[in-house]
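Heavy-atom basis, side chains included; hydrogens, waters and symmetry copies ignored.
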Amino acid sequence: MESLLHFAGNFWWLIFPLGGAIGTGVRVVAAANERRAERRLERYRIRQQTKIAVAEASGRARNNEAAYRREMTKVLAQHDRTDARWLDYEIDIAKLLDFPLMTDMRDPLTVSFHKARQRADLLRPETVDHVLPDRDSQLEYRDAVHEYVAAFEVAEAEAIRRRRSDFSPEGQQRLERAQNLLRLASDGAATPQERRNAYSKARKELDGLIVLPAATRASIERKIAGEIEA
């Protein structure tokens with residue numbers, strides 16, 4: 001104890017520089033602790049923001065997927081409706097002969113319609129789920145269907161407007177006769193021989209007058225041949 005008192009008595013002046021150094025050290029430690037606390041708080045804030053961003057992105061993805069599913073469902077339905085409208089011409093020979101432009105591949109509007117139809121069919125997905133992962137494919141298919149619908153409506157409107165006016169009076173008479181003969185060929189009340197002869201004559205009337213697409217010819221011939229054989 002005496003030694004300590006002796007030291008304190010002789011070196012009391014060291015209190016001032018040592019006190020300053022100790023104070024500085026305390027302040028440095030406090031500042032370091034404060035910086036560590038701020039860094040921990042910043043890391044926590046970043047983690048929370050990341051969680052929020054991930055949750056928001058997930059929510060947007062779910063919303064986008066639901067919206068894309070609705071859109072593609074509508075596009076597929078629009079495709080089906082337009083196919084059904086075209087099928088009315090393809091399987092109804094009487095309607096087709098009323099509006100021959102719909103199958104006249106010499107007309108640019110008809111060519112455009114059939115090209116658009118083929119492209120839409122080529123891009124059509126098997127189901128909505130098959131196209132959902134690829135937004136570019138969705139947009140490409142959607143645009144193809146819109147082009148198909150527009151081309152069909154333009155061609156149909158022109159076919160209705162023109163009807164048989166592009167044909168000479170003789171050609172129009174041949175179309176009329178072909179229609180009547182095909183009705184007879186499809187008439188279940190007619191005898192098999194009458195129906196067979198009617199179909200043969202109808203083909204002669206149409207020969208060189210209308211060039212039907214292969215699918216349309218096959219559809220008509222299957223239908224008529226089936227009814228004759230039955």
Engineer: Any carboxylate oxygen within less than 4.0 angstrom of a Lys/Arg side-chain nitrogen, looking at R162 and D107?
Structural biologist: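 Salt bridge present between R162 and D107.
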
Engineer: Say you draw a straight line from CG of D143 to CG of L139; how long is it, rounded to the nearest 0.5 Å?
Structural biologist: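 It comes to 6.5 Å.
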
Engineer: Do the side-chain N and O atoms of Q138 and R135 include a donor-acceptor pair separated by under 3.5 angstrom?
Structural biologist: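 The criterion, which ignores hydrogens and geometry beyond distance, is satisfied for R135 and Q138.
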
Engineer: Between D129 and R69, is any pair of side-chain heavy atoms under 4.5 Å apart?
Structural biologist: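 D129 vs R69: side chains touch.
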
Engineer: If you define the side chain from C-beta out and look only at heavy atoms, does anything of M102 sit under 4.5 Å from L96?
Structural biologist: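 Not in contact.
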
Engineer: Do Q118 and L122 have side-chain heavy atoms sitting under 4.5 Å apart?
Structural biologist: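 Counting from C-beta outward, Q118 and L122 never come under 4.5 Å.
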
Engineer: Could you tell me which residues satisfy side-chain hydrogen bond (donor to acceptor under 3.5 Å, both in side chains) with D98, sequence neighbours excluded, listed by chain and number?
Structural biologist: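 Only R164, Q179 meet the side-chain hydrogen bond (donor to acceptor under 3.5 Å, both in side chains) criterion with D98.
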
Engineer: Hey, could you give me the OH/CD distance between Y89 and E156, rounded to the nearest 0.5 Å?
Structural biologist: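 That separation rounds to 3.5 Å.
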
Engineer: Salt bridge or not between K74 and E71? Use side-chain N to carboxylate O under 4.0 Å.
Structural biologist: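 No salt bridge links K74 with E71.
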
Engineer: Can you see which heavy atom on F113 is nearest to which on A151, and at what distance?
Structural biologist: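 Taking F113 first and A151 second, the nearest heavy atoms are CA-CB, 3.7 Å.
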
Engineer: May I ask you to list the residues sharing a hydrophobic cluster with L109, side-chain cutoff 4.5 Å, ordered by chain and number?
Structural biologist: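 Result for L109 is V154.
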
Engineer: Got a salt bridge between R119 and E140, using NZ or NE/NH1/NH2 to carboxylate O under 4.0 Å?
Structural biologist: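 Looking at E140 together with R119, the answer is yes, because their closest N to O distance falls below 4.0 Å.
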
Engineer: Tell me whether L132 is reachable from V145 by hopping between hydrophobic residues (I, L, V, M, F, W, Y) whose side-chain heavy atoms are closer than 4.5 Å.
Structural biologist: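 In one cluster with V145: L132, yes.
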
Engineer: What pair of heavy atoms forms the shortest contact from I160 to R163, and how long is it?
Structural biologist: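 That closest heavy-atom pairing would be O-CG, 3.1 Å.
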
Engineer: Suppose we screen for side-chain hydrogen bond (donor to acceptor under 3.5 Å, both in side chains). Which residues come up paired with S168, at least two apart in sequence or across chains?
Structural biologist: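 S168 satisfies side-chain hydrogen bond (donor to acceptor under 3.5 Å, both in side chains) with no other residue.
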
Engineer: Working to the nearest 0.5 Å, report the span between CD of E147 and CZ of F152.
Structural biologist: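 Here the interatomic distance stands at 15.0 Å.
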
Engineer: Under a plain distance cut-off of 3.5 Å, with no hydrogens placed, do Y148 and Q78 share a side-chain donor-acceptor pair?
Structural biologist: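 There is no such pair (donor and acceptor under 3.5 Å, judged by atom type) between the side chains of Q78 and Y148.
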
Engineer: Mind running side chain to side chain contact (heavy atoms under 4.5 Å, CB included) on L181 and K204 for me, showing each step along the way?
Structural biologist: CA-CA 11 Å; L181 288 165; K204 290 180 181 178; over 6 Å; no

Engineer: Distance check, rounded to the nearest 0.5 Å: T103 atom OG1 versus E90 atom CD?
Structural biologist: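 Spacing of OG1 (T103) from CD (E90) equals 10.0 Å.
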
Engineer: First locate atom NE2 of H130, then atom CZ of R124, and finally report the distance between them rounded to the nearest 0.5 Å.
Structural biologist: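 It comes to 13.0 Å.
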
Engineer: Is a donor from one side chain sitting under 3.5 angstrom from an acceptor on the other, for R177 and N180?
Structural biologist: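 Short answer, no.
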
Engineer: Using a 4.5 Å cut-off on heavy atoms from C-beta on, say whether the side chain of Y141 contacts that of M72.
Structural biologist: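 M72 vs Y141: side chains touch.
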
Engineer: Side chain to side chain contact (heavy atoms under 4.5 Å, CB included) for L97 and I210? Distances and angles first, verdict last.
Structural biologist: CA-CA 9 Å; L97 293 181; I210 293 181; 3.6 Å; yes

Engineer: With no hydrogens and no angle check, is any side-chain donor or acceptor of R174 less than 3.5 Å from a backbone partner on D207?
Structural biologist: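 Confirmed, R174 side chain pairs with D207 backbone.
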
Engineer: Does the pair L209 and F167 meet the rule for a side chain to side chain contact (heavy atoms under 4.5 Å, CB included), with working shown?
Structural biologist: CA-CA 9 Å; L209 192 62; F167 295 88; 3.7 Å; yes

Engineer: Looking at CD of E205 and OG of S200, how far apart are the two atoms once the value is rounded to the nearest 0.5 Å?
Structural biologist: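 Those atoms lie 10.5 Å apart.
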
Engineer: Would you say L101 and V149 are hydrophobically clustered, going by side-chain heavy atoms of ILVMFWY under 4.5 Å?
Structural biologist: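 No: no chain of side-chain contacts under 4.5 Å links L101 to V149.
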
Engineer: Please check if Y68 and V131 belong to a single hydrophobic cluster, counting links between Ile, Leu, Val, Met, Phe, Trp and Tyr side chain heavy atoms closer than 4.5 Å.
Structural biologist: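 Looking at the clustering, V131 is in the same group as Y68.
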
